[in-house]
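Notes follow the structure.
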Amino acid sequence: MSAARSLAVICRCSNAASSRPFFILSIRTFRGGTRPKDGAFALSGRPQQRRNMSSFSVDDIPEVKEAHECATRSDWGGAVQLLERANQVLGSVPELQLLTQTRLANIHQLKGDLAKEISARKAVLAAAINLEPKKKYSSAHALSIALLRAGEIDRALVYCLEPLQDIEELEEETEAKLVASIILAHHPTRHVEVSGVLDSISDTINEANSHFSCAREMIRGRYLLLTSDEDAAHVSLRPSDDVVDAFRRAEEFAPVDSPEILGVASACSGGLLKGLNPGVSTGDSGDGMFYEGQMLRDLEASLNKAVQSFDKLEGDRSTYYLANTLRKLANVKKLKGDGVISEGLFRSVLSKLNSLPKTVFRAQLEAQTTHDYASLLEKMEWNGRSRKSEADKLLAQVPSEGGSTETGHYLNYGSTLDQWIMNTFGGRG
């Protein structure tokens with residue numbers, strides 16, 4: 001038996017009370033063989049029910065398939081129940097159970113239930129500890145980001161700094177430092193440590209993986225924006241030169257073969273105008289500020305470049321990126337006095353968002369787009385009549401704060417960089 005390998009095997013059976021297939025677990029011993037990798041398990045039972053071990057994945061489980069379908073139609077309660085059922089069934093298969101637990105945490109995130117998301121991410125981390133280190137580290141990162149969004153910054157720091165004690169791979173260490181810098185940037189007293197953490201990221205790995213250099217400078221720029229003088233930012237034409245330089249460096253470092261991070265870097269450069277970056281109230285040409293024509297052209301060029309990059313992506317992630325970039329582009333057009341084009345872009349953004357499941361992130365972008373669109377309509381006329389009443393109707397449709405969803409204290413989908421942070425480190429990457 002020394003050469004035997006015990007492996008949980010999923011068997012597809014028929015429920016006597018229902019024609020609907022379900023999965024049960026059994027233990028089968030493999031002698032002299034190699035354990036399948038990446039959650040690949042054999043289906044045993046009757047000969048005609050046997051399947052190729054390498055072809056099986058968590059997506060073959062009916063509950064997981066149905067949960068995905070529920071999510072696409074915004075049935076979050078149904079998705080949660082199905083994944084919880086699958087999670088119980090897979091108790092003897094830790095690799096597959098970890099995948100279903102992660103999906104459950106992601107569903108709570110999309111639904112907007114931060115408390116349940118945090119609880120689920122803790123379960124994911126506990127399950128990942130005995131698996132390969134990469135999953136342990138990424139699970140800790142996702143939990144840290146969830147805690148940050150909940151405003152529990154000190155607890156977030158514990159989970160993101162602890163992995164640094166035993167990380168051996170340089171790439172994993174770099175990712176951990178990036179997450180730590182994101183958390184530290186929001187800390188009321190320890191934010192001064194951010195620059196040191198970012199500067200400690202090895203230049204050796206940056207040369208081989210330029211996306212790390214790009215990420216480092218984007219996070220540096222965001223940190224500098226967070227710590228900038230609010231009063232100075234309110235009256236100045238644009239953020240300080242060090243913020244601009246950080247985002248410009250990020251754009252230079254962005255690898256051309258990675259459309260997502262290249263698009264995010266370009267969108268950051270295109271969001272430097274007052275009113276387009278997070279944390280600063282929206283400004284427009286009616287507030288007495290002067291906007292340089294060349295500056296607006298530069299911002300517009302960066303945003304158009306971002307649109308071209310995001311067009312190469314697929315799925316909901318692409319739609320979110322595109323919608324937010326077009327929203328920023330609409331604001332630039334508004335400042336240039338191109339009201340008709342600006343309105344068309346705002347309508348396009350709302351149309352794109354309407355095609356997505358009703359997540360908390362869609363709600364964030366819809367609210368911000370609606371407010372920006374309304375501010376445009378308030379200053380427009382049609383046949384000599386003010387369109388302010390249209391603006392008022394739009395604003396009346398924006399959901400009030402509170403309710404069953406939680407947007408979180410930090411990280412907002414109105415920032416393309418925050419979108420990337422959530423996608424990369426927040427559990428859904």
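Since the model is a prediction, treat every value here as computed from it, not as a measurement. We count residues from 1, following the sequence as given.
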| message | Using a strict threshold of under 4.0 Å (side-chain N to carboxylate O), is an ion pair present between Glu251 and Arg248? | response | yes
| query | In Å and rounded to the nearest 0.5 Å, what is the OG1 to CG distance from Thr319 to Leu313? | reply | 9.5 Å
| field | Flag, side chain of Gln419 to backbone of Tyr413, donor-acceptor distance under 3.5 Å | value | yes
| field | Electrostatic pair Lys65:Asp59 at N-O distance under 4.0 angstrom | value | no
| task | Decide yes or no on side-chain contact (heavy atoms from CB on, under 4.5 Å) for Tyr410 and Arg149, but give the supporting numbers first. | result | CA-CA 5 Å; Tyr410 305 102; Arg149 293 179 60 237; 5.6 Å; no
| said: I'd like to know if Lys333 pairs up with Glu300 as an ion pair, taking the criterion as any Lys NZ or Arg NE/NH1/NH2 lying under 4.0 Å from an Asp or Glu carboxylate oxygen. | reply: yes
| query | Which atom names give the shortest non-hydrogen contact between Ala391 and Glu378, and what distance separates them? | reply | CB-CG, 3.6 Å
| Check: Ser342 side chain, Asp338 main-chain N or O, donor-acceptor pair, under 3.5 Å | no
| How many angstroms lie between atom CD of Glu95 and atom OG1 of Thr100, to the nearest 0.5 angstrom? | 11.5 Å
| Electrostatic pair Glu381-Arg385, nearest N-O below 4.0 angstrom | no
| query | Step by step, would you call Ile341 with Lys336 a side-chain contact (heavy atoms from CB on, under 4.5 Å)? | reply | CA-CA 10 Å; Ile341 296 178; Lys336 291 178 68 176; over 6 Å; no
| Phe310: ring pair (Phe, Tyr, Trp, His ring centres under 6.0 Å) partners, not counting sequence neighbours | Tyr321
| query | Crowded around Lys116 NZ? As in, over 12 foreign heavy atoms under 6.0 Å? | reply | no
| said: Between Ser181 and Leu178 (side chain of the first, backbone of the second, donor and acceptor by atom type, cut-off under 3.5 Å), is there such a pair? | reply: yes
| said: Regarding Lys312 and Glu260, does a basic nitrogen lie under 4.0 Å from an acidic carboxylate oxygen? | reply: no
| note | Interatomic distance, CD@Glu84 vs CG@Leu82, rounded to 0.5 Å, equals 9.5 Å
| How about Val124 and Leu98: do any of their side-chain heavy atoms sit closer than 4.5 Å? | yes
| query | Excluding sequence neighbours, so at least two apart, what forms side chain to side chain donor-acceptor pair (under 3.5 Å) with His191? | reply | none
| query | How are the rings of Phe425 and Trp420 set relative to one another: parallel (under 30°), tilted (30 to 60°) or perpendicular (over 60°)? | reply | perpendicular
| Asp418 versus Asn412, side-chain donor and acceptor atoms under 3.5 Å | no
| task | Starting from the C-alpha separation in whole Å, work towards a yes-or-no answer on side-chain contact (heavy atoms from CB on, under 4.5 Å) for Arg222 and Val243. | result | CA-CA 8 Å; Arg222 190 183 188 286; Val243 174; over 6 Å; no
| task | Check whether any side-chain heavy atom of Ile261 sits under 4.5 Å from a side-chain heavy atom of Pro255, and report yes or no. | result | yes
| Under a 4.5 Å cut-off applied to non-hydrogen side-chain atoms, are Arg362 and Asn354 in contact? | yes
| said: Nearest 0.5 Å, please: how far is CD1 in Ile118 from CD in Glu152? | reply: 5.0 Å
| query | Under a 4.5 Å cut-off applied to non-hydrogen side-chain atoms, are Leu96 and Leu99 in contact? | reply | yes
| said: Give me the atom names and distance for the closest heavy-atom approach of Val349 to Ala323. | reply: CG2-O, 3.3 Å
| remark: Heavy-atom nearest pair, Cys160 first then Ala180, reads SG-CA, 3.8 Å
| Heavy atoms, side chains only, cut-off 4.5 Å: are Glu343 and Met380 in contact? | yes
| field | Set of side chain to side chain donor-acceptor pair (under 3.5 Å) partners for Thr189, sequence neighbours left out | value | His187
| message | Nearest 0.5 Å, please: how far is CD1 in Ile219 from CG in Leu198? | response | 6.5 Å
| note | In short, Phe247 meets Met218 closest at the heavy-atom pair CE2-O, 3.5 Å
| Is there a side-chain contact between Asp154 and Val158, using heavy atoms and a 4.5 Å cut-off? | no
| field | Atom of Ala120, atom of His108 and distance for their closest heavy-atom approach | value | CB-CD2, 4.1 Å
| Nearest non-hydrogen partners of Ser269 and Ser302, listed with the distance | CB-OG, 3.8 Å
| said: With heavy-atom distances below 4.5 Å as the criterion, would you say the side chains of Gln109 and Arg121 are in contact? | reply: yes
| field | Donor + acceptor pair across side chains of Arg327, Asn324 (<3.5 Å) | value | yes
| Can a donor-acceptor pair be found between the side chains of Lys177 and Ser200 at a distance below 3.5 Å? | yes
| Run the side-chain contact (heavy atoms from CB on, under 4.5 Å) check on Phe346 and Leu326 step by step: do they pass? | CA-CA 7 Å; Phe346 281 131; Leu326 291 175; over 6 Å; no
| message | Do Ser375 and Lys334 pair up side chain to side chain, a donor and an acceptor below 3.5 Å, judged on atom types alone? | response | yes
| query | For residues Lys111 and Ser74, is any side-chain donor paired with an opposing acceptor at under 3.5 Å? | reply | no
| query | Are the side chain of Ser144 and the backbone N or O of Ala140 linked by a donor-acceptor pair below 3.5 Å? | reply | yes
| field | Test item: Ser139 side-chain N/O and Leu125 main-chain N/O as donor-acceptor pair under 3.5 Å | value | no
| request: Please tell me if the side chains of Leu377 and Asp392 come closer than 4.5 Å, counting only heavy atoms from C-beta onward. | output: no
| message | Side chains of Tyr320 and Thr359 only: does a donor on one sit below 3.5 Å from an acceptor on the other? | response | yes
| Can we say Glu252 and Arg249 salt-bridge, meaning some charged N sits less than 4.0 Å from an Asp/Glu carboxylate O? | no
| field | Glu193 CD: over 12 foreign heavy atoms closer than 6.0 Å | value | yes
| query | Could you give the distance from SG (Cys268) to CD (Glu217), rounded to the nearest 0.5 Å? | reply | 11.5 Å
